[in-house]
2 protein chains.
Amino acid sequence: MSLPHAILGLLNYMPMTGYDLKKFFDDSIGFFWSAQMSQIYRELKNLEEKEYVSSEEEISTKGPNKRIYSVTNQGVSHLKELLTDVPENIDEDNRNAFLLRVMLLSNLGIEELYFQIQKRLKKYRKDLKALQSVEEKLQHYLQLTGKTETLIYWKITLNRGLHDVKSHIKWAEESLSELKKIKEEKK
Amino acid sequence: MSLPHAILGLLNYMPMTGYDLKKFFDDSIGFFWSAQMSQIYRELKNLEEKEYVSSEEEISTKGPNKRIYSVTNQGVSHLKELLTDVPENIDEDNRNAFLLRVMLLSNLGIEELYFQIQKRLKKYRKDLKALQSVEEKLQHYLQLTGKTETLIYWKITLNRGLHDVKSHIKWAEESLSELKKIKEEKK
DNA sequence: GAATTCATGTAACTTGTTACATGATTTA
DNA sequence: TAAATCATGTAACAAGTTACATGAATTC
C-alpha cells in the first residue's frame, strides 16, 4: 500500500479534483498518511496513464477549470486485488525522528532530554485534540459519499490513531517521572 | 533527524565499519529506524566529504580490508547542534500502510477485515517478543561502548517501542471484538 | 489592499529501494 | 560442498520534498 493506492482508494469514495484530494487527505487519513500537492498531481497523471482513473475537465465560467478524476472499472479491480493479497513480509516504515533524538541525547544530558520530552508531551496533547476533530470531519465526508457502510472501517482506523496518541502521552509522562527521580538523586 | 544523523550518532558511540553499523542498526534502533547497506555506504561517503567523519583502512591479512569510520570533532559539534535545535513544526512521517488498508477494506467486506486484523495481531505479538530481545542486545552494546551513562536514554527509547506494540495489540483485540459483534448482529 | 483559498502544474533535489558485482571465511 | 556471514561498493530506479510559477476568487 502506498500513495497511488491511497489516491485510488479515496477517489473510489467519490470523484474529485487534485485539490479536493489534498483536502480529503489532510482531513481524514492525514494522521497516518500525508501527501503533497505536487505528489498528488504526479500520481494522478501516472494513474491515468495506467487507466486506473480517468479525468474530465469541467469548464468554469469563473476561476480556473477543474479536472475531475474518477476511478475506472480497471481501477476498482486493481484496488480490490491490492487489498486482497496481504504481503507476507509486512515490514513497515516505522521511522521515528524523535526517538532517534532521544537515543542520541546522551550527548547533551538529562536536563535537555527532560526539556525535549516535556515539549513533546504538549504536542501529543494537541494531536489528541486534532484527532478528535477528525472524527467530525469524517462524519461530513461520510455524508458526502453517502456510503454509510464504511463507518465501521473509518471508526476502527480512527481508533488506532487515538490509541497511538494516548500511548505516546502515557510514555512521555512515565519517562518524565523517571527522569525526575534521576535528577533528584543527583542532588 | 534523518539517516546521516543516525549514522553520525551511532558512530559517536564507537568507531565502526559500514558493516558493523548495519548490525548495530538492526540490533538496536531497527524497530524505529532501518537502513540498507547501500544507503549506509553512500551516507558514510557523504559524511566523509563534509568532514563529519574520517576513515582509516585496516589492512587485513585474511579476508577483505576494513574501512573503519570515526566521528571528527566537527562531526561531534554538528551532532550537538542538531540535537539542540528542536524544529518547531515537528511533522513526522507517520505512514501506516496497514491503516490505509483498513480504511479501504470496505471494498471487500467485514469478514476480510476481521481476517486481516487477526493476522496482524499475530505479527504484533511476534514484534513484542523481538523487542524483548532488543533489550539484551542493547546491554551488549552498552558494554562494548563502555558508556554506562547512556543506559537511561536507551531504556526510554526501548520503552517507547514496548508501549507502541502493546497499544497495537490492545487496538487489534478491541477491533476484533467489535467486529465480532457486528458479524453476529448480521446473522 | 493584503492575505488566504482555490486550482494546477514543473523542475531540481534528496532519499530510499532493488539489483548487481566481487570475493574471502566460517559454519552446517 | 553448499549456504551463510563478512565486507565493500556501484547503478538504476522510485518516491518524497522543496521551490518555483501562474492567476482568479474570496475574505479580512
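None of the values given here were measured: they were computed from a predicted structure. Chain A is the first sequence line, chain B the second, and so forth, proteins listed ahead of strands; every chain is numbered from 1.
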Item to complete: For Arg67(B), answer base if it contacts any base atom (sugar-phosphate contacts may also be present), sugar-phosphate if it contacts only those atoms, and nothing otherwise; contact means non-hydrogen atoms under 4.0 Å.
Response: sugar-phosphate
Worksheet item: Roughly, in whole Å, what's the span from CZ in Arg42(B) to C1' in dT18(C)?
Response: 12 Å
Worksheet item: Taking only N and O in the side chain of Gln39(A), is any of them less than 4.0 Å away from OP1 or OP2 of dT17(D)?
Response: yes
Worksheet item: So, is Gln36(B) near the phosphate of dT17(C), with a side-chain N or O under 4.0 Å from OP1 or OP2?
Response: yes
Discussion item. Parallel, tilted or perpendicular, judged at 30° and 60°: which one describes the rings of Trp171(A) and Phe98(A)?
Written reply: perpendicular
Practice prompt. Establish, with yes or no, whether the OP1 or OP2 oxygen of dG9(D) is under 4.0 angstrom from a side-chain nitrogen or oxygen of Tyr41(B).
Written response: no
Worksheet item: Ion pair present between Arg125(A) and Glu173(A), side-chain N to carboxylate O less than 4.0 angstrom?
Response: yes
Worksheet item: Contact class for Thr17(B) vs. all strands (heavy atom < 4.0 Å): base, sugar-phosphate, or nothing?
Response: sugar-phosphate
Practice prompt. Nearest-nucleotide wise, let me know which of Lys23(B) and Ser2(A) is further upstream toward the 5' end of DNA chain D.
Written response: Lys23(B)
Fill in: Check: Asp164(B) main-chain N/O paired with His168(B) side-chain donor or acceptor under 3.5 Å
yes
Practice prompt. Figure out the CG/P separation between Asp27(B) and dT5(D), and round it to whole Å.
Written response: 13 Å
Fill in: Aromatic ring pairing Phe24(A)/Tyr13(A), orientation class (parallel under 30°, perpendicular over 60°, tilted between)
tilted
Discussion item. Taking only side-chain N and O atoms of Lys22(A), does any of them lie within less than 4.0 angstrom of OP1 or OP2 on dA7(C)?
Written reply: no
